[in-house]
Amino acid sequence: MSTMDVRRNEENTNVASTGQFTAEKDGNQESSKSSVSSKPSKIRSFMRLYFKENKKFTFSKKKNKELRPSNPSEAALQSDPQKASAEEDKEYINKEENAPNMDLASSTSPMGSTGLDSLYVKKRDLKKSFFKGGKKKKDPSAKSIFNPQHRSQSNGSENQTRNTTVNNINPAEEGRKVVSQKKKMGSNARKYSSNSVKIGNVEVGPSSFEKVFLLGKGGVGRVYLVREKKTTRFFAMKVLNKQEMIKRNKIKRAFAEQEILATSNHPFIVTLYHSFQSDEYLYLCMEYCMGGEFFRALQRRPGRCLAEHEAKFYIAEVTAALEYLHLMGFIYRDLKPENILLHESGHIMLSDFDLSKQSGSIGSPTVIQARNSSPSSQSTYALDTKSCIANFRTNSFVGTEEYIAPEVIKGCGHTSAVDWWTLGILFYEMLYATTPFKGKNRNMTFSNILHREVVFPEYSNAPSISSLCKSLIRKLLLKDENDRLGSQAGASDVKLHPFFKNVQWALLRHTEPPIIPRLAPTDESGNPNIAHLKESKSLDITSSAQNSQTVEVPLSNLKDQEDDPFLSFNSVTVHHDWD
Ligand SMILES: Nc1ncnc2c1ncn2[C@@H]1O[C@H](COP(=O)(O)OP(=O)(O)OP(=O)(O)O)[C@@H](O)[C@H]1O
C-alpha cells in the first residue's frame, strides 16, 4: 500500500447493502476501495451525462482533515494533545463519530458512532452511499425571517446580511433576539456581494428536495445528491446535524462555511444556491460537482500522479481560487486533493470551507510593482491580495496532518501564508503521489515539517520535474512564512514566478483541462441510461427516520434560550447571473 493509501484510509467507511454506513479500520482498506468504484460509479456516469445536458456537475467520499497540536510550541510534539487552548479547537478532542443518518425532511436524527478514538485527526471515509428519493413528506418549511411567515421581521433588503433564523418564539421576542444578535455581530458583519449574485428570501425547504444518493459524509453531516422536486434540477445538499455541531463545538464552522459560500462568486469555487434550517439540521444546497474529487482523479492516474504540465494547470486554477478567497478576506486553511472537486468540464471547484477563517475586517487590495520586473524593462504591476488580509492572524490549530504549515505547528499564529504552504504541498503531491514531509507517525511528520528541507526524489524512474518547478515548490515551502512566496503580495508573488510564465491567467477557465470526466452511455433515445439505477439500494427519505435513535438533548429546548446558537444562521436563496 502506498503512503498515500495510509494517509487517506486511516478510517474507511463502507456502504453496506442496507444503505447504512459501517466503519472499518485499516485492515479492510482494500475491500472498501473496491466498493467505491462499483455502483456509485455507474450512477456517477449517469449523472455526468445528465449534467452535461443540464450544465451541471459530481461526487465522492470523505476524509480525515483536522488535527490539533500537541501543544502550541515545537516542544509540544511530545506533549498532551488535549491541552490546546483555542476555544474553537475544542471540537478536536472529541471522538470521531459517524454522522447521523438523515432524512432531508425529517426532524429526527439517528445517531451512530464508529467508536474510534481520534484526538488528533479527523478520519477520512472513502465510501459513498446512494439513495433514491421517495414519498413526499409534510413540508417542515425552512425557518427564516425571509420566510413569508416571518417577513415582518425582515427589512426586506435583498442584501441584508444577518438574516436571523428563529423558531417557536413570539414576534416581539423574535425581534428582540434579532436585534441582540445583530449587535453581537457588530460592525464586522460582512455584506453579500451584489454585483452578480442576488441574495433573497429562502425559496425552498427540506421537503423541496428528494435524495438521490449519498455523496459523502463529514464529521457532523452528510452531503447528498438531491433533486429539486419542482425543477428536477440536481444539487449537492450538505445536511449538518445541529446536535452534533453543538456536541463537537462546530457551530462557528458551519456559519463560516455558509458565509464563504454565500459571498463567493468565482468559477473555481463551488456555488451555493440555498441555505436554510429545520429544527434539527442546517442545509447548504450547492452546485453538484459532477467530476468528483480531484483526489479520486489523481488516484486513477498512472502512478497516482500528474505530469508537470498537467499539475501546472491545476495549481494555476487553485492559485486563482486562493487569490479570490484572500481578496474576500478568507484564509482557506484546508487545501488538499480531497477538497478540490471537479466540474464536469474538468475545471476545479474548491469546496469544504468549514475550516476557513474569515478576517474581521478586510483591507483594500493595492497595486504593486511586481518583484521580478527589472528596472530597465517595462514595469509589471500586480494586484497585492496580501494587503486584504495581511494583518489578520489566527491561532487555531487546523488543517490536515501532512499539509499543516510550520507556523501552525508552532502555535505562534498564522496568516494567509498557510494557504501558499499548502499549495506547495499539493503541488508536490500531484507530481510525486506523496507529500514531502510525511513521517512514520504524526510527530515525525510534524518534525519533518518544522526541520527538514523539501527533497525531490532522484530514483531512476522518478518523475522528471523541471528546475523551475522545483524552485516554485521550494519557495512555497519555505519554513519562515515571511520568506515564503506569497508573503509579499499574495497570489501575485506566485503568479509571477517564472514557472507560470506561459500561463494565461485570464483565460484559465477557457483552457482545456488535462482530465475531462468521462460521460455515461445513452439509451436508444439518446437519454442517459438510468436503468441501472433501479438496481441500486435506495433509501426512501420518509422511512429513514425509522432507524432513528434518540438525540441526547432535545433541540427544542434551545428555542427557549436567548442564545440559540443557530439563531443567526442565514436562510437565503442565491440567484446567479446564469439562473
Ligand atoms: N458540491 C459537491 N458536489 C459533489 N460532491 C460534493 C459536493 N460537496 C461535497 N461533496 C462530497 O461530499 C463529501 C463531504 O463533503 P464535505 O467535505 O464538504 O463535508 P463535511 O461535512 O464538511 O466534511 P468535513 O467534516 O470533513 O468538513 C466530500 O467528500 C465531497 O466529495
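FYI, the numbering just counts along the sequence from 1. In each ligand, atom 1 is the first atom listed, and ligand 1 is the first ligand listed.
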| said: Classify the ring geometry of Trp421 against Phe437: parallel below 30°, tilted from 30° to 60°, perpendicular beyond 60°. | reply: parallel
| query | Looking only at heavy atoms, what is the nearest atom pair of Ala256 and Gln358, with distance? | reply | CA-OE1, 3.6 Å
| message | Angle between ring planes, His266 versus Tyr324, binned at 30° and 60°: parallel, tilted or perpendicular? | response | tilted
| said: Looking at non-hydrogen atoms alone, which of Gly216, Gly218, Cys285 comes nearest to atom 23 (O) of ligand 1? | reply: Gly218
| field | Under 3.5 Å side-chain donor-acceptor pair for Tyr403 and Glu429 | value | yes
| task | State the atoms of ligand 1, each with its element, that fall below the 4.0 Å cut-off from a heavy-atom position in Val270. | result | 1 (N)
| query | Are any of the N or O atoms of Glu257 closer than 3.5 Å to those of ligand 1? | reply | no
| request: Grab the two heavy atoms, one from Glu203 and one from Thr573, that are nearest each other, plus how far apart they are. | output: N-OG1, 2.8 Å
| query | Which atoms from ligand 1 have a heavy atom of Ala236 less than 4.0 Å away? | reply | 1 (N), 2 (C), 3 (N), 7 (C)
| query | Which ligand 1 atoms are under 4.0 Å away from a heavy-atom of Lys238? | reply | 16 (P), 18 (O), 19 (O), 20 (P), 21 (O), 22 (O)
| field | Check: Lys250 N/O within less than 3.5 Å of ligand 1 N/O | value | no
| query | Have Lys336 and Thr400 got a donor and an acceptor in their side chains that come within less than 3.5 Å? | reply | yes
| field | Heteroatom distance test (Tyr288, ligand 1): nitrogen or oxygen, under 3.5 angstrom | value | no
| Least distance between heavy atoms, Leu214 atom then Tyr224 atom | CD1-CE2, 3.5 Å
| Met286: numbered ligand 1 atoms lying under 4.0 Å from its heavy atoms | 8 (N)
| For ligand 1, which part of Leu341 has a heavy atom less than 4.0 Å away: the side chain, the backbone, both, or neither? | side chain
| request: Please state whether the rings of Phe276 and Tyr283 are parallel, tilted or perpendicular, taking 30° and 60° as the class boundaries. | output: parallel
| field | Check: Glu287 N/O within less than 3.5 Å of ligand 1 N/O | value | yes
| said: Any nitrogen or oxygen of Ser351, side chain or backbone, less than 3.5 Å from one on ligand 1? | reply: no
| Which ligand 1 atoms does Glu293 reach within 4.0 Å, using its non-hydrogen atoms? | 28 (C), 29 (O), 30 (C), 31 (O)
